[in-house]
Amino acid sequence: MVLSTAEKSYIYDSLAGENSTRTDSRKNNEFRPLKAVCSFVPNCNGSSRVYNPDGIECITSVKAKVIRTKELSDLINVDVDVEGQRDNSTLCLSLSAMIQRALVNNFDFEVLRLTDKYYFQLYVDILVLSVPGDFKNSSYTLYSLLSLISMGTYLALKSAKLPLLTSTTNDREIEEEPSFADDWELATDLIPAESKFQPMLIFVVGLVGSNVLVDPSLDEEEVLESGLCIGYCQGNIVAPIQSVALSTADGKAFNRKLLTKALETVKQIGQPVVEALESILNTEVDEYGSFF
Amino acid sequence: MSRLELYSPEGLRVDGRRWNELRRFECQINTHPNAADGSSYVQQGNSKVLCLVKGPMEHGANLAAGTKLDPNGPVLSLNINYPPFASNERKKRPKNDRRLQEISIILKRCFMKTIVLKNYSRTAIDINLTVLAMDGGLLACFCNAITLALIDAGISLYDYVSAVSVGLYDQTPLLDMNALEENDLSFVTIGVVGDSDKLNLTLCEDKLPLDKLERLISLGIEGCHRLKELMDLQVRVAGGQLQERQ
């Protein structure tokens, strides 16, 4: 929505004050409702679909391939495609780069290891299906997609299945290519249930006045002073912690106390979000069912 | 896989169907009520396609600068999204892939004959197709998905256009080919208007003997009529739900 100066100042004042009121009457640390399903694309190892009620939808797929390499940072490739944006647009490139770097930095490469020479390489393809119609003439940017995309990636990685390895792994120096069982019924999880490792999540928070807003909506983004993206992994705050431009309008500098407050907020909401995502993973999906 | 294994002497195909059987067909409409004016999801066997329609509207978001709106009918713009994960082997396609561009021109021509043009002068209709998984029948899936999404958007059509691919194995026509069969056999995709025998869409990218073409098309028409019934059923279910809500 394109906001007038009066509307902007009204929204700003109601957000910045002591008892802030958000435009959709959420609490400061409350998400908008999200829906998600996973494992619905049969020819991918893992897949997920996350969408929120204003129509923004993100489909993520994980495909695995066996390669021979020593370079661990090659093992994860992320590709973001936003509807109506060119592949080489700044938005697509910076979203892919941020997600890729964040995943590589916080990944347990042991789950991808087959032998000392062979690894699984993961391709994470992210498709943002529809962007709001007024995107072109409004001042918000779509960097807030980061949080939606990271949840999609989390679900796709956690739901990914790999074929059962049948060749021996006793001799890790082994030269031969690993071989796998043909039966998909025997497939194992990419991230085993007993493993402590969890993929990382990125949260986008908005800073306004002395308040930290979780999951800012599009009209809130237009008045925020600044935006931050904060990584969360297994109960801890991890890189990236950086500011993102949520709006093309001029931002302001923020108090550094606010940064600590933002980190605290993310630490608080991280666990409930992870639990919610886990419960989605545990819901059975019928391959021919109605997930749309 | 050898070409000979595609149709066994007992008359069974690789996926266990007979020559005149369709794959499992599932469709849904109004899947994305908040993202677009009309939306649909079509699943033919393991092929899955999503279609979002925006319009009719005065300005198309995808309309290239300088494109004039047409006083005699809508300007259709078609955008095909074929993500790298859709095929079995991951493969990145450029946005201006020539085959996809050709397919979008064929679909545009087909639907300009199907939409009641006089109702939509000086408007734009944006059609956005997304392939989630592809196992043969690309054009057929697109055509069925667009028909359903246009119906959902409330755009007046003369009738359904249902499409299916038909291939030829030696002397036997095979209905609704999957990717394995498409790789090795020549085939033609046809789109039929409603319950008539009128074809609004034909595409043949391989060589086919002319004397067999008639048999292929008549088998295809039968398949299309069946698909139309299934689509109509789903539209009526969705319409019934809509009525209940009011």
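For clarity, every value in this text was computed on a predicted model and none was experimentally measured. Labels below follow one simple rule: chain letters A, B, ... track the order of the sequence lines, proteins then strands, and each chain is numbered from 1.
- Interface residue Ser87(B): only backbone heavy atoms are found under 4.5 Å from chain A.
- Here CD1 of Ile59(A) is found 7.0 Å from OG1 of Thr130(B). Values are rounded to the nearest 0.5 Å.
- For residues 89-104 of chain A, the pairs satisfying side chain to side chain donor-acceptor pair (under 3.5 Å) are Ser94(A)-Tyr143(A), with sequence neighbours left out.
- If you measure heavy-atom distances from Asn88(B) to chain A, the contacts under 4.5 Å come from both the backbone and the side chain.
- Between Val41(A) and Leu132(B), the shortest heavy-atom contact is CG1-O, 3.5 Å.
- Judged by distance alone, with hydrogens and angles left aside, the side-chain atoms of Lys48(B) form a donor-acceptor pair with the main-chain N or O of Phe40(A) at under 3.5 Å.
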All N/O donor-acceptor pairs, side-chain side in residues 181-190 of chain A, below 3.5 Å, sequence neighbours left out:
from: Asp183(A); atom 1: OD1; to: Glu185(A); atom 2: N; distance (Å): 3.0
from: Thr188(A); atom 1: OG1; to: Leu162(A); atom 2: O; distance (Å): 3.4
from: Asp189(A); atom 1: OD1; to: Lys161(A); atom 2: NZ; distance (Å): 2.7

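- Expressed to the nearest 0.5 Å, how far CG of Leu127(A) lies from OH of Tyr82(B) amounts to 13.5 Å.
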Would you be so kind as to tabulate the donor-acceptor pairs closer than 3.5 Å made by side chains of residues 99-112 of chain B, with sequence neighbours excluded?
from: Arg99(B); atom 1: NE; to: Glu205(B); atom 2: OE2; distance (Å): 3.0
from: Arg99(B); atom 1: NH2; to: Glu205(B); atom 2: OE1; distance (Å): 3.4
from: Ser104(B); atom 1: OG; to: Gln101(B); atom 2: O; distance (Å): 3.0

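- Considering only heavy atoms from C-beta on, Lys92(B) comes within 4.5 Å of Asp79(A) through its side chain.
- Proximity to chain A at a heavy-atom threshold of 4.5 Å picks out nothing from residues 140-148 of chain B.
- Of all the heavy atoms in Arg49(A) and Thr31(B), the pair that sits closest is NH2-O, 4.5 Å.
- Pro83(B) is not listed as a side-chain neighbour of Asp81(A), based on a closest heavy-atom distance of 4.5 Å or more.
- For the pair Glu57(A)/His32(B), a side-chain contact is recorded, criterion being any heavy-atom separation below 4.5 Å from C-beta on.
- Going from atom CZ of Phe85(B) over to atom CG of Asn45(A) covers 12.5 Å, rounded to the nearest 0.5 Å.
- Between Asp125(A) and Arg90(B) the shortest side-chain heavy-atom distance falls below 4.5 Å.
- Interface remark: Ala86(B) contributes backbone atoms only to the contact with chain A (heavy atom separation under 4.5 Å).
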